[in-house]
Amino acid sequence: MEALKIHKGKTVPLLNNNIDTDQIIPKAFLKRIEKTGFGEFLFDEWRYLPDRSLNPEFILNQPEYSEATILIAGDNFGCGSSREHAAWALTDYRFKVVIAGSFGDIFYMNATKNGLLPIVLQPEECHALAGLPAAEQVTIDLPNQQVISSLGYYYFEIDPTWKEKLVNGLDDIDLTLALADKIREYESKIPQYLIK
Amino acid sequence: MGKTLFDKLWERHVIAGKEGEPQLLYVDLHLIHEVTSPQAFEGLREAGRSVRCPERTFATMDHNVPTKDIFHITDLIAKKQMEALRDNCAEFQVTLCDNGSDRQGIVHMVGPETGLTQPGKVIVCGDSHTATHGAFGALAFGIGTSEVEHVFATQTIWQSKPKNMGVHIHGKVAKGVYAKDIILALIANYGVDFGVGYAVEFFGETISQLSMEERMSICNMAIEGGAKMGMMAPDQKTYDYLYGREYAPENMGAAIENWRTLPTDEDAVYDQMIELNAEELVPYVTWGTNPEMGIPVTAAFPKSKDLNDERAYQYMGLAPGNKFSDIELGYVFIGSCTNGRLSDLEEAARMIKGKKVKAGITAMVVPGSRPVRKAAERAGLDKIFEAAGFEWREPGCSMCLGMNPDQVPEGVHCASTSNRNFEGRQGKGARTHLCSPAMAAAAAVTGTFVDIREGEWLNGSLKNS
């Protein structure tokens, strides 16, 4: 996983509440057995017209947002299905950060496993950020847990463990395998009558 | 101070990590399916790792499976994904309920039916409806593919302990009102995000009175209220359900003694409590594009309160003030991990026995699993459905998410017993209305929604009669 410490990028607002993972990546594109190539299908039903040309009305297709790497959303972003394809589609498209009022719990975990930083801010802070000019460069300082823009400094909370993994791009499995003795010890204590 | 069911389940499984920080939990059962596992297996291969406990891992094919002719898969990408699961299970020695096998079905049907799902277990699956298994007093939740890979390699998972919410449901439901109405009403009242950050326990006299199948329908949709973990205390009904199942413990007496210690202590306190009076409930149907946009079948559609509502009305081709009886249905779908169980099909069949599906409506029944399909056929339900004009299909996820060829055409309204009415969920431009199996069956006959508490329908309803 790519490490994420300081990210500087432009923002794009998509303030609907409850953007579900079916919207982020429709089921038609879940049949691939690779982790790559999902960016093309991000927000597919909003992004394309029936003839597969880009829908000029959709904000991600507007030229001033063509370089955005920070998505500003409403509440409960990523609710619904557990599909990690949603996180893969966002990162493959080029997003590094999603800022929202809240996140679906499964999506939140999926994001952290893919170097995509989910930031929870107050709804009014999300709305203020959504009003920034498309050209403004916003700085995300993960070590200091701050979103820095012309609006000032917005502090955000993140669990120290997830933060450390994101900052260092650590592989969870290696860290857990170092605890193999503890796992074996736990297994040895499971009552036999619970194992057929 | 006492402990809740959730506290007890959590504590039993902690291997490492301090309180207040993410903790490493042991996973007793890992269920997998074809859509969210291939990248996880690939990750294992790339790192030269193996599946740590193949005996605690169990695979099914469900999302992509065609329901007309299960062995004739026309979608080549879907076929490749199913073949990948078959190959991966062989390579990593994981048991697979293959397409066509006697146990095949939706992953959340197979766990309970085989007896793999038991009280006290931590159960994970790369699928958000995993809380279904919480109906047995298990800590069950959906995970992403990276987490699937982690569980493969370590049989454990890192989790921050969520807060604990108690959902008190009291009162006896009226005839014609079902478990589906309870969960739809709960989400309509408290919103699609009331459970974000919480593990939810449903309890109360209403829950005690429900069958295991009805309990599963409620826990199944915990995620539609934002809670990835939903659970209920195990009781005698739970143990009775498990007796004699293939993977049930051999020494059930010892197991039950252990499980009896799980329910929430009397003096335990939840971080948050909400309640629902089931006695006042009526059949619920959704009008919009997320599960909180549900109202009593008799009510007029609400005023648009924000941009989200406006967008939903536009997508659904409906307007505030319209009623459900104004909707002209094109499709009816009875099935899914929410409502694809035998009692669901019995209720639906009772409503339509001797009646005909209205001309122009495509109506189908997709049993959640092969055991359900077989049991329904033994009871003659297939004949009742077919005589009425329903298609009787092979088991799978089917039109709940339309990853297989079963899709609702653009702009067409569908009465569906599934769990999500998101934009495009059942097909691009499809307009989904969530409801109970009995409501969906009656709607197939009339071509629109009716209140099944009235007239001829009331006598058709088995429940609580």
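Just so we're on the same page: letters track the sequence lines, and every chain starts at 1.
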Chemist: Counting only heavy atoms not in B:K161 (residues, nucleotides, ligands), do more than 12 fall under 6.0 Å from its NZ?
Modeler: yes
Chemist: Please look at B:Y198 and chain A and tell me whether the side chain, the backbone, both or neither of the residue comes under 4.5 angstrom of a heavy atom of that chain.
Modeler: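 Only the backbone of B:Y198 comes within 4.5 Å of chain A.
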Chemist: For B:V192, does its backbone N or O pair with a side-chain atom of B:E292 as donor and acceptor, under 3.5 Å?
Modeler: yes
Chemist: Spell out the residues in residues 93-103 of chain A that have some non-hydrogen atom less than 4.5 Å away from a non-hydrogen atom of chain B, in order of number; otherwise answer 'none'.
Modeler: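 Hits under 4.5 Å: A:F103.
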Chemist: For the residue pair A:R47 and A:F41, establish whether any side-chain heavy-atom pair is separated by less than 4.5 Å.
Modeler: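 Side-chain contact under 4.5 Å: no.
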Chemist: Side chain, backbone, both or neither: which part of B:I143 has a heavy atom under 4.5 Å from chain A?
Modeler: backbone
Chemist: Of all of B:T289, B:T145, B:T36, B:N251, which one pairs up most often with chain A through heavy atoms under 4.5 Å apart?
Modeler: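 Among B:T289, B:T145, B:T36, B:N251, the one with the most close pairs to chain A is B:T145.
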Chemist: Is a donor on one side and an acceptor on the other found under 3.5 Å between the side chain of B:H33 and the backbone of B:G126?
Modeler: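 Side chain of B:H33 to backbone of B:G126, a donor-acceptor pair under 3.5 Å: yes, one is there.
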Chemist: Counting heavy-atom pairs under 4.5 Å to chain A, which of B:V35, B:D306, B:I223 comes out on top?
Modeler: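 Ranked by contacts with chain A, first place is B:V35.
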Chemist: Ignoring hydrogens and geometry, is there a side-chain-to-backbone donor-acceptor pair from A:D92 to A:G39 under 3.5 Å?
Modeler: yes
Chemist: For chain B, which candidate among A:T21, A:D44, A:N18 shows the most heavy-atom pairs at distances under 4.5 Å?
Modeler: A:N18
Chemist: Does anything in residues 107-135 of chain A get under 4.5 Å of chain B by heavy atoms, and if so which residues?
Modeler: A:M109, A:N110, A:K113, A:N114
Chemist: Within the distance-only criterion (no hydrogens, no angle test), does the side chain of B:D406 pair as donor or acceptor with the backbone N or O of B:G402 below 3.5 angstrom?
Modeler: no
Chemist: Does A:Q146 reach the main-chain N or O of A:Y154 with its side chain, forming a donor-acceptor pair under 3.5 Å?
Modeler: no
Chemist: Hey, what do you get for CG (B:D62) to NE2 (B:H108), rounding to the nearest 0.5 Å?
Modeler: 7.5 Å
Chemist: Taking side chain as everything from C-beta outward and backbone as N, CA, C, O, which of these in A:L15 sits under 4.5 Å from a heavy atom of chain B? Side chain, backbone, both or neither.
Modeler: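 Nothing of A:L15, per the 4.5 Å heavy-atom cut-off to chain B.
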Chemist: At under 4.5 Å between heavy atoms, what parts of residues 170-177 of chain A are in contact with chain B? List them by residue number.
Modeler: A:D171, A:D172, A:I173, A:D174, A:T176, A:L177
Chemist: Please evaluate residues B:N290 and A:D20 with respect to the criterion side-chain contact (heavy atoms from CB on, under 4.5 Å), reporting the C-alpha separation (whole Å), side-chain torsions for both, the decisive distance (0.1 Å), and the verdict.
Modeler: CA-CA 9 Å; B:N290 73 43; A:D20 56 73; 5.9 Å; no
Chemist: Give, as side chain, backbone, both or neither, the part of B:E55 having an atom under 4.5 angstrom from any heavy atom of chain A.
Modeler: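 Nothing of B:E55, per the 4.5 Å heavy-atom cut-off to chain A.
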Chemist: Nearest 0.5 Å, please: how far is CD1 in B:I77 from CD1 in B:I73?
Modeler: 13.5 Å
Chemist: Can you name the closest pair of heavy atoms from B:L85 and B:S37 and give their distance?
Modeler: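 So the two residues come closest at CD1-OG, 3.7 Å.
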Chemist: Tell me, for B:Q426 versus chain A, whether the close heavy atoms (under 4.5 Å) come from the side chain, the backbone, both or neither.
Modeler: backbone
Chemist: Is the backbone N or O of B:N308 less than 3.5 Å from a side-chain atom of A:N17, with the two atoms forming a donor-acceptor pair by type?
Modeler: no
Chemist: Counting only N and O atoms by type, is there a donor-acceptor contact under 3.5 Å from the side chain of A:K163 to the main-chain atoms of A:P143?
Modeler: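 It does hold such a pair.
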Chemist: With only heavy atoms counted, which part of B:C53 is less than 4.5 Å from chain A, the side chain, the backbone, both or neither?
Modeler: side chain
Chemist: For residues A:Y48 and A:E40, determine if any side-chain heavy atom of one lies less than 4.5 Å from a side-chain heavy atom of the other.
Modeler: yes
Chemist: If you apply the rule side-chain contact (heavy atoms from CB on, under 4.5 Å), what do you find for B:E423 with A:W46, and how did you get there?
Modeler: CA-CA 10 Å; B:E423 284 183 30; A:W46 295 345; 3.1 Å; yes
Chemist: Using side-chain contact (heavy atoms from CB on, under 4.5 Å), reason through A:F43 and A:I24 one step at a time and then give a plain yes or no.
Modeler: CA-CA 5 Å; A:F43 297 120; A:I24 299 171; 3.9 Å; yes
Chemist: Would you check if A:I25 and A:L42 make a side-chain contact, meaning some heavy-atom pair closer than 4.5 Å?
Modeler: no
Chemist: Side chain, backbone, both or neither: which part of B:E42 has a non-hydrogen atom closer than 4.5 Å to chain A?
Modeler: neither
Chemist: Heavy-atom pairs under 4.5 Å with chain A: which of B:M252, B:E34, B:H13 has the most?
Modeler: B:H13
Chemist: In terms of heavy-atom proximity below 4.5 Å to chain A, should B:D193 be classed as side chain, backbone, both, or neither?
Modeler: both
Chemist: Please rank B:K121, B:Q81, B:R12, B:H63 by heavy-atom pairs under 4.5 Å with chain A and give me the top one.
Modeler: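 Of B:K121, B:Q81, B:R12, B:H63, B:Q81 has the most heavy-atom pairs under 4.5 Å with chain A.
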Chemist: Check this for me, if you would: do A:D105 and B:K228 make a salt bridge, where the nitrogen-to-carboxylate-oxygen distance has to be below 4.0 angstrom?
Modeler: no
Chemist: Using a 3.5 Å distance criterion without hydrogens, assess whether the side chain of B:H150 forms a donor-acceptor pair with backbone atoms of B:T156.
Modeler: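 Judged by distance alone, yes, a pair lies under 3.5 Å.
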Chemist: Tell me, side chain or backbone of B:W259 under 4.5 Å from chain A's heavy atoms, or both, or neither?
Modeler: side chain
Chemist: Side chain to side chain donor-acceptor pair (under 3.5 Å) for A:Q145 and A:Y155? Distances and angles first, verdict last.
Modeler: CA-CA 6 Å; A:Q145 299 175 218; A:Y155 178 80; 3.1 Å; yes
Chemist: Between A:Q23 and chain B, with a heavy-atom cut-off of 4.5 Å, which part of the residue counts as in contact: side chain, backbone, both or neither?
Modeler: side chain
Chemist: What's the spacing between B:R52 CZ and A:R184 CZ if we round to 0.5 Å?
Modeler: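 Reported value, rounded in 0.5 Å steps: 6.5 Å.
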Chemist: Counting only heavy atoms closer than 4.5 Å, note whether B:R425 contacts chain A via side chain, backbone, both or neither.
Modeler: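 Contact with chain A involves both backbone and side-chain atoms of B:R425.
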Chemist: Anything in residues 50-89 of chain A with a heavy-atom distance to chain B below 4.5 Å? Please list those residues in order.
Modeler: A:N76, A:G80, A:S81, A:S82, A:R83, A:E84, A:H85, A:W88
Chemist: Counting heavy-atom pairs under 4.5 Å with chain B, which one of A:I33, A:N16, A:T161 comes out on top?
Modeler: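 The candidate making the most pairs under 4.5 Å is A:I33.
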Chemist: The test is side-chain contact (heavy atoms from CB on, under 4.5 Å); show your working for B:D127 and B:L31 and say whether it passes.
Modeler: CA-CA 9 Å; B:D127 190 283; B:L31 300 166; over 6 Å; no
Chemist: Is B:T114 close to B:R245 at the side-chain level, that is, under 4.5 Å between some pair of heavy atoms?
Modeler: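 The answer is no, as the side chains (C-beta and beyond) never meet within the 4.5 Å cut-off.
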Chemist: Looking only at heavy atoms and a cut-off of under 4.5 Å, which of B:W158, B:F141, B:F41 has the most pairs with chain A?
Modeler: B:W158
Chemist: Using heavy-atom distances under 4.5 Å, tell me whether B:A153 contacts chain A through its side chain, its backbone, both, or neither.
Modeler: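 Answer is both: backbone and side chain atoms of B:A153 are under 4.5 Å from chain A.
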Chemist: Against chain A, label B:L24 side chain, backbone, both or neither, depending on which of its atoms sit under 4.5 Å from a heavy atom there.
Modeler: side chain
Chemist: Quick check: do B:C400 and B:N419 have side-chain heavy atoms less than 4.5 Å from each other?
Modeler: yes
Chemist: Got a donor-acceptor contact below 3.5 angstrom from the B:E224 side chain to the B:P291 backbone?
Modeler: no
Chemist: Considering only heavy atoms and a distance below 4.5 Å, find which of B:M82, B:E149, B:H129, B:Q118 pairs most often with chain A.
Modeler: B:E149
Chemist: Count the heavy atoms belonging to other residues, nucleotides or ligands that lie under 6.0 Å from CD of B:Q314, then report whether that count exceeds 12.
Modeler: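 Open: at most 12 neighbouring heavy atoms sit under 6.0 Å from CD of B:Q314.
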Chemist: Is it true that B:D75 and A:K31 have a side-chain N and a carboxylate O under 4.0 angstrom from each other?
Modeler: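 A:K31 and B:D75: salt-bridged.
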Chemist: From B:I32 CD1 over to B:F58 CZ, what is the distance, rounded to the nearest 0.5 angstrom?
Modeler: 10.5 Å
Chemist: I need the residue from A:R32, A:E45, A:K35, A:K189 with the largest number of non-hydrogen atom pairs under 4.5 Å to chain B.
Modeler: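 Of the candidates given, the most pairs with chain B belong to A:E45.
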Chemist: Checking A:E187 against chain B: side chain, backbone, both or neither under 4.5 Å from a heavy atom?
Modeler: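 Just the side chain, heavy atoms under 4.5 Å.
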